[in-house]
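Source: prediction; values computed, not measured. Excluded from the calculations below are hydrogen atoms, water molecules and symmetry mates; all remaining heavy atoms, backbone and side chain alike, are included.
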Amino acid sequence: MAPHHLPFYLAPGSGTDTLMVVMGIFLVGIVLWVGTLYWKLHSLPERMAHKSQKLQFELVAVLGLISLFTHMHIFWIAGLLLAMIDLPDFGTPLRSIAGSVEKIADATPAADGGDVRTGTVPPPTDTSGPAKEKEHSHV
């Protein structure tokens, strides 16, 4: 008894609802797209910190995981801010200082109380005649 001029989106009496099938596929596609967008946005601080120091990258990654599992967005914001900031490199100068201190610690004082000699470099010896005085120029 239905009229023959019904719109296409209304289901016929004994057929499948095309609009519902199309909207179901559309809904699944949108949910997958929004989920992918969410994961990309959530991993933004980690991708930003990837080119920085290892410690900074690890801190940002941990903050991202905490925010993911606790749903507290302040951790994500803290990770994003930490990824944006360039932390100064304290490790390289400290390693240089430690290497210099090791070299100084390995040095042994000379027997006559003169210059400090290291165990790796022998003292200069001159056995080719009388000792000559060095001239010092202030030029």
Side-chain angles (χ1 to χ4, degrees):
M1 298 283 243
H4 297 290
H5 61 278
L6 289 176
F8 73 94
Y9 52 86
L10 291 178
S14 64
T16 59
D17 191 358
T18 359
L19 183 62
M20 187 179 81
V21 171
V22 169
M23 290 310 293
I25 293 171
F26 178 75
L27 181 65
V28 167
I30 289 295
V31 165
L32 290 175
W33 179 73
V34 168
T36 304
L37 181 68
Y38 173 75
W39 287 112
K40 290 249 186 221
L41 182 65
H42 185 75
S43 68
L44 178 68
E46 290 181 45
R47 286 186 281 132
M48 288 174 64
H50 186 70
K51 57 187 168 275
S52 67
Q53 300 171 6
K54 183 180 184 225
L55 178 66
Q56 183 178 4
F57 174 69
E58 288 176 356
L59 285 174
V60 169
V62 167
L63 286 172
L65 283 174
I66 290 172
S67 72
L68 180 66
F69 292 121
T70 62
H71 300 291
M72 296 179 69
H73 304 298
I74 192 69
F75 292 115
W76 185 85
I77 294 170
L80 183 64
L81 291 175
L82 184 60
M84 288 179 159
I85 296 172
D86 279 336
L87 294 178
D89 182 22
F90 292 115
T92 304
L94 289 176
R95 277 191 287 281
S96 173
I97 292 170
S100 299
V101 169
E102 282 182 10
K103 286 180 185 176
I104 292 171
D106 288 341
T108 56
D112 60 355
D115 293 334
V116 174
R117 292 185 291 168
T118 61
T120 58
V121 179
T125 56
D126 187 21
T127 58
S128 63
K132 298 179 183 177
E133 286 190 35
K134 295 181 183 177
E135 289 186 26
H136 296 284
S137 86
H138 298 287
V139 178

Common cluster, [X]/[Y], ILVMFWY with side-chain heavy-atom separation under 4.5 Å:
X	Y	value
I66	I74	yes
L37	L32	no
L68	V60	no

How far does [atom1] of [X] sit from [atom2] of [Y], to the nearest 0.5 angstrom?
X	Y	atom1	atom2	value
M20	L27	CE	CG	12.0 Å
L80	H73	CG	NE2	13.5 Å
E102	I104	CD	CD1	11.0 Å
W76	L81	CH2	CG	9.0 Å
L41	T36	CG	OG1	12.5 Å

**Message:** Looking at S96, is its backbone amide N or carbonyl O close enough to the side chain of S100 to form a donor-acceptor pair, meaning the two atoms are under 3.5 Å apart?
**Reply:**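 Checking the backbone N and O of S96 against the side chain of S100, a donor-acceptor pair under 3.5 Å is found.
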
**Request:** Answer yes or no: does atom CZ of F26 have more than 12 heavy-atom neighbours from other residues, nucleotides or ligands under 6.0 Å?
**Result:** no

Search all heavy atoms of [X] against all heavy atoms of [Y] and return the closest pair with its distance.
X	Y	value
F75	S67	CB-CB, 3.7 Å
Q56	I85	NE2-O, 2.7 Å
K40	R47	O-NH2, 2.6 Å

**Asked** Using the ring of each side chain (for Trp, its six-membered ring), is Y38 parallel, tilted or perpendicular to H42, with breaks at 30° and 60°?
**Response** parallel

**Request:** Would you check, one step at a time, whether the test side-chain contact (heavy atoms from CB on, under 4.5 Å) holds for L44 with M48?
**Result:** CA-CA 6 Å; L44 178 68; M48 288 174 64; 4.0 Å; yes

